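A short write-up of the structure that comes next.
Everything numeric in this text was worked out from a predicted model, so none of it was measured. Numbers restart at 1 for each chain; the letters A, B, ... are given by sequence-line order, proteins then strands.
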Amino acid sequence: MKNIVLKKTFFQRPTLEAAEDLLGKFLVKKTEQGEVAVMITEVEAYDGPKDKASHASCGLTDRNAIMFGEGGYFYVYLCYGMYEMLNIVTGQKNYPAAILLRGAEILGEEEKRLNGPGKLTKFLNINRAVNKKLADKITGLWFEDRGVKISPKYIERTSRIGVAYAGPIWLKKKYRFVLTKLE
DNA sequence: ACGATGATGAAC
DNA sequence: TTCATCATCGTA
């Protein structure tokens, strides 16, 4: 089975489409000991300038500028003063959208669940050093398709987490994708 | 249920 | 420059 590195064009399409497709793909980090890979099991989409839950809803700022760029770049920021949140920008240039990686699973002998964006970034030692960087091997953090097949019936679509402040309209949007189990 | 903890953005 | 806000987690 060949591992295919996802190109940035993978993210340059409708956010919800890319978000759903990202389930079962792998996030790979280059470390001194070698490559560490986790399978993505939970994501949330933040789509467009009108999405009140998105950082881009108040227009272009220094922090969210990368969201307005083309897809395939990382957007990392600090939340609650202690957790780095990892996002991957999606869509075309000047269309602010991104996917928040909320959960992943470590496969192999030491199986472990990384359920929560803070745990995910802590485990892989991801921080703002990769902010605005392209998701490729040069950056040292990228995505791979390792041939894991996902059945649509194991994909759950729910409301997003912690976005009550955005109002009921945006709370109702089913922008969160969870992979419940493998085939 | 709640507090830790700091960057961010908007108001002043 | 100051202040309210926050896409969380671990401990109770």
What is the distance, to the nearest angstrom, from the [atom1] atom on [X] to the [atom2] atom on [N]?
| X | N | atom1 | atom2 | answer |
| --- | --- | --- | --- | --- |
| E84(A) | dG6(B) | CD | P | 12 Å |
| K122(A) | dA4(B) | NZ | C1' | 13 Å |
| M85(A) | dT5(C) | CE | P | 19 Å |
| F123(A) | dC9(C) | CZ | P | 15 Å |
| Y80(A) | dC6(C) | OH | P | 8 Å |
| H55(A) | dG9(B) | NE2 | P | 8 Å |
| M82(A) | dG6(B) | CE | C1' | 9 Å |
| L60(A) | dT8(B) | CG | P | 14 Å |

Sugar-phosphate only, base, or nothing, as touched by L100(A) at under 4.0 Å among non-hydrogen atoms: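 Base contact.
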Touch class at under 4.0 angstrom, heavy-atom based, for R128(A) against every strand present: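 If one applies the 4.0 Å heavy-atom cut-off, R128(A) turns out to touch the sugar-phosphate alone, with no base involved.
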Nearest-nucleotide pick for [X], side chain only, options being [options]:
| X | options | value |
| --- | --- | --- |
| L78(A) | dA7(C), dG9(B), dG6(B) | dG6(B) |
| C58(A) | dA10(B), dT8(C), dG9(B) | dA10(B) |
| V163(A) | dG9(B), dC9(C), dA7(C) | dA7(C) |
| I161(A) | dA7(C), dT8(C), dT8(B) | dT8(C) |

Side-chain N,O (Y83(A)) to OP1/OP2 (dA4(B)) below 4.0 Å: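 Result: no.
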Under-4.0 Å side-chain N/O to phosphate OP1/OP2 contact, R102(A) with dA7(C):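 No, no such contact exists.
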More than 12 heavy atoms from other groups under 6.0 Å of NZ on K122(A):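 12 or below, so no.
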I4(A), L6(A), V148(A), I150(A) screened by side-chain contact (heavy atoms from CB on, under 4.5 Å) with K25(A), the one that passes: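 Result: among I4(A), L6(A), V148(A), I150(A), L6(A) is the only option passing the side-chain contact (heavy atoms from CB on, under 4.5 Å) with K25(A).
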Base partner of dA7(C), which must satisfy Watson-Crick or wobble distances under 3.5 Å: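 Across any shown strand, dA7(C) pairs with none.
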Closer than 4.0 angstrom, basic N to acidic O: yes or no for [X] and [Y]?
| X | Y | value |
| --- | --- | --- |
| E44(A) | R102(A) | yes |
| K30(A) | E35(A) | no |
| D21(A) | R13(A) | yes |

Aromatic ring of Y46(A) stacked on base six-ring of dA7(C), 5.5 Å, 30°: yes
